Number of protein chains: 2
Amino acid sequence: MSTSRDDPRLGLVEALGAVAFAVMGALTKLAAERDLSLTQLRMVGLLRDRQLTISELALALGLDRSSVSGLVDRTEKRGLVRREPNPADARSVHVTLSTSGHEAFAAGASEMAAMLSSLTDALSPAEAARLTTLLERMLDHRGL
Amino acid sequence: MSTSRDDPRLGLVEALGAVAFAVMGALTKLAAERDLSLTQLRMVGLLRDRQLTISELALALGLDRSSVSGLVDRTEKRGLVRREPNPADARSVHVTLSTSGHEAFAAGASEMAAMLSSLTDALSPAEAARLTTLLERMLDHRGL
DNA sequence: TATTGTTATACTCTATAACTATA
DNA sequence: TATAGTTATAGAGTATAACAATA
């Protein structure tokens with residue numbers, strides 16, 4: 001990619017970076033308020049409507065299985081998730097959200113929206129819709 | 001914030017979150033390829049055109065001074081930054097980018113643009129410009 | 001043999017608390 | 001007294017390597 005100053009995409013990269021840090025900062029703060037790491041928060045989000053094995057979680061989170069094993073240990077100790085046997089394969093476990101994990105997710109989701117509203121409130125509904133479309137186009141263009 | 005499904009801002013929050021994770025993932029991968037942490041990468045970026053004290057870095061990075069002290073230790077050991085005396089205050093130090101730190105930043109910046117181009121290439125120049133404007137409006141609306 | 005998960009180990013990141021030197 | 005930075009300590013997060021159980 002060129003570094004020419006009048007390439008509109010250069011400003012985009014910078015703006016994307018700045019927004020990403022702002023969003024991650026808000027999410028990290030939100031997680032910290034509940035004494036959770038960002039990774040734990042992501043895991044809870046992934047498990048909100050399904051159960052996943054350690055390997056599946058590792059793939060989704062981009063982590064090694066051993067890292068996820070410890071992550072589940074700590075999150076299980078906090079009562080947010082549970083390990084359950086996988087009837088189809090005795091080697092594997094299903095990680096599921098506990099009741100208090102579901103509650104934590106529900107509370108966190110609305111707080112997340114509230115936190116990010118300090119960003120999104122800058123836009124009118126029409127602009128927000130246009131921005132959403134553009135962001136989703138970018139996301140669809142590749143994997144995640 | 002409402003959870004009504006037809007509120008365009010709800011999709012925005014989700015899209016912002018997804019984009020933030022995508023961008024952070026790309027940046028983390030980029031940093032890892034150079035054996036740097038994301039925090040080290042951020043610090044190098046902050047120092048590219050100025051020198052900052054430990055306290056200033058801590059403020060900019062949202063970290064405790066003691067965390068930054070160790071961070072500078074490790075990055076200094078890698079030869080990317082240097083501690084220099086602050087003539088105006090003997091308690092304080094100026095952290096500056098070394099020559100190889102500047103090289104690392106230059107290489108990283110173009111790689112970052114290339115990596116994010118998998119996202120930004122989905123848009124035409126006009127759309128990219130519009131997106132940039134919207135993102136910058138959001139950023140200006142608050143602090144960072 | 002290959003896969004799933006765990007454990008042991010090591011390093012980075014981070015915060016809190018206590019400290020030194022300087023202001 | 002207050003501030004800048006460091007150190008000691010502790011816990012989370014992560015990866016690699018070696019392992020046990022199961023497929």
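Treat the numbers as computed from the prediction; the structure is a model and nothing was measured. The chains referred to below are lettered A, B, ... by the order of the sequence lines, with proteins before strands, and numbering in each begins at 1.
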Length of the line joining B:L61:CG and C:dT14:P, which is rounded to integer Å | 8 Å
A:S117 side chain vs A:A114 backbone, donor-acceptor pair below 3.5 Å | yes
Answer yes or no: is there an ion pair linking A:R82 with A:E76, defined by an N-O contact shorter than 4.0 Å?
-> no
Separation of D:dT3 atom C1' from B:N86 atom CG, nearest Å, is 13 Å
Do nucleotides 5-13 of chain D as a string where each nucleotide becomes B, S or -: B if the base has a protein heavy atom under 4.0 Å, S if just the sugar-phosphate does, - if no protein is that close.
-> BBB----SS
B:R42 CZ to C:dT14 C1', in whole Å, measures 14 Å
Could you tell me whether the side chain of B:R50 and the main chain of B:L47 form a donor-acceptor pair under 3.5 Å?
-> no
Could you tell me the separation between the CD atom of A:E84 and the C1' atom of C:dG5, rounded to a whole number of Å?
-> 17 Å
Base, sugar-phosphate, or nothing: which does A:D89 touch, judged by heavy atoms less than 4.0 Å apart?
-> sugar-phosphate
Counting only N and O atoms by type, is there a donor-acceptor contact under 3.5 Å from the side chain of A:S92 to the main-chain atoms of A:N86?
-> no
For the side chain of B:R78 and the backbone of B:D35, is there at least one donor-acceptor N/O pair under 3.5 Å apart?
-> yes
Looking at side-chain heavy atoms only, is the closest gap between B:L41 and B:T28 below 4.5 Å?
-> no
